[in-house]
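Comments concern the structure below.
Both counts, for ligands and for their atoms, begin at 1 and track the order of listing.
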Amino acid sequence: MAIDPIPTACTIAGSDSSAGAGIQADLKVFSAYGVYGLTVITATTAQNTRRVAGSWIQSGDSVAAQITTLCEEFTIGAWKTGMLGNPEVIDAVIDSLPDGASLILDPVIVSTSGHRLLSADALTLLIDGLIPLATVVTPNIPEAEMITGITPILTPEDVREAAAVIRSLGADAVIIKGGHGTDTEATDILLDSEGEVALSSPRYPYEVHGSGCSFASAIAAEIALGADLRSAFPDAKRFIDGAIRHAIRFDSGGAVPDPFWEMRRIEID
Ligand SMILES: Cc1ncc(COP(=O)(O)O)c(N)n1
């Protein structure tokens with residue numbers, strides 16, 4: 001199928017040196033979809049699949065210049081935010097994003113390995129300034145707890161209550177990802193103006209570094225291709241389930257999603 005012009009999506013996120021999460025995950029997912037991926041780098045991190053050793057955040061000016069320079073040339077079908085780091089970067093994003101942007105806001109706060117990727121004062125600004133601009137916010141359960149103050153989120157009713165609170169902060173829609181729960185299935189819940197959709201997929205017996213980033217990027221790619229959120233959600237869920245089922249697993253025990261598993265020319269399962 002020929003699509004002209006090529007759809008574009010832009011990720012505003014941190015670099016992950018292990019290439020499982022962050023900018024690298026997002027670009028892989030965009031490319032697997034056939035969407036041209038643009039990048040705004042907010043930070044570099046020194047990390048592997050097990051730990052974050054350090055992070056260095058860009059200035060607000062750098063982030064603003066990257067966004068405005070891209071907007072000079074490209075019509076960007078979807079924006080996705082990941083690690084933003086501090087209030088200066090969030091302010092730059094709020095000030096530079098074009099009006100009417102479709103924004104998939106993945107509220108990266110703490111890495112799965114436990115390293116803080118967003119300062120506490122930045123969380124307040126993310127809630128007050130960025131969530132109201134979001135087409136969809138995609139927290140996992142720990143992030144939903146930190147955004148809403150509802151702790152612990154344990155039952156499906158708790159998840160629904162947290163999703164309603166996040167929508168009331170001004171987002172069009174919320175998807176709370178169940179991947180950090182303990183059931184045998186990972187159930188994600190979408191809440192939008194029309195109500196709720198719950199989707200479950202198997203939980204695999206290994207931790208996959210970067211699956212949250214990859215899922216949010218799959219939603220962004222779907223939106224860039226013209227899907228609405230109600231159809232993007234099940235398609236992105238299927239996509240990430242395949243990338244996790246066929247995750248690249250290292251000798252260390254670490255694993256990262258493989259959005260390209262169907263294209264592999266070598267057998268690694
Ligand atoms: C640069 C960057 N962005 C996002 C994450 C979150 O991913 P995870 O929750 O899998 O650690 C990360 N670890 N690093």
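- Of the heavy atoms in Leu117, only side-chain atoms (C-beta onward) come closer than 4.0 Å to ligand 1.
- Nearest heavy-atom pair, Asp121 versus Pro87, reported as atom, atom and distance to 0.1 Å: OD2-CG, 3.5 Å.
- Residue Arg50 qualifies as open at atom CZ: its count of foreign heavy atoms under 6.0 Å is 12 or below.
- Set against the non-hydrogen atoms of Ala21, the atoms of ligand 1 under 4.0 Å away are 5 (C), 7 (O), 12 (C).
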| request: Tell me, with the steps shown, if Leu190 and Arg230 meet side chain to side chain contact (heavy atoms under 4.5 Å, CB included). | output: CA-CA 9 Å; Leu190 161 72; Arg230 282 272 171 141; 4.0 Å; yes
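- Neither the backbone nor the side chain of His115 has a heavy atom within less than 4.0 Å of ligand 1.
- For ligand 1, the atoms closer than 4.0 angstrom to any heavy atom of His209 are 10 (O), 11 (O), 13 (N).
- Heavy-atom separations between Gly210 and ligand 1 include at least one value shorter than 4.0 Å.
- Interface of Gly14 with ligand 1, defined as ligand atoms under 4.0 Å from a residue heavy atom, comprises 1 (C).
- By the 3.5 Å distance cut-off applied to N or O atoms, Ser113 is not counted among the residues near ligand 1.
- Ligand 1 places these atoms under 4.0 Å from at least one heavy atom of Gly22: 3 (N).
- Listed by chain and number, the residues in a ring-ring contact (aromatic ring centres under 6.0 Å, His included) with Tyr36 amount to none (sequence neighbours excluded).
- The number of heavy-atom neighbours closer than 6.0 Å to CD of Glu207, taken from other residues, nucleotides and ligands shown, is 12 or below.
- For the pair Arg249 and Tyr206, the cation-pi criterion (under 6.0 Å, within 45° of the ring axis) is fulfilled.
- Taking the side-chain contact (heavy atoms from CB on, under 4.5 Å) definition, one finds that Asp95 meets it with nothing, sequence neighbours left out.
- No donor-acceptor distance shorter than 3.5 angstrom exists from the side chain of Asp106 to the backbone of Val108, with no hydrogens or angles considered.
- Checked by distance only, ligand 1 and Ser15 stay at 3.5 Å or farther apart across all their nitrogen or oxygen atoms.
- Between Cys213 and ligand 1 there is a heavy-atom distance shorter than 4.0 Å.
- The contact set between ligand 1 and Ser111, taken as ligand atoms under 4.0 Å from a residue heavy atom, comprises 11 (O), 13 (N).
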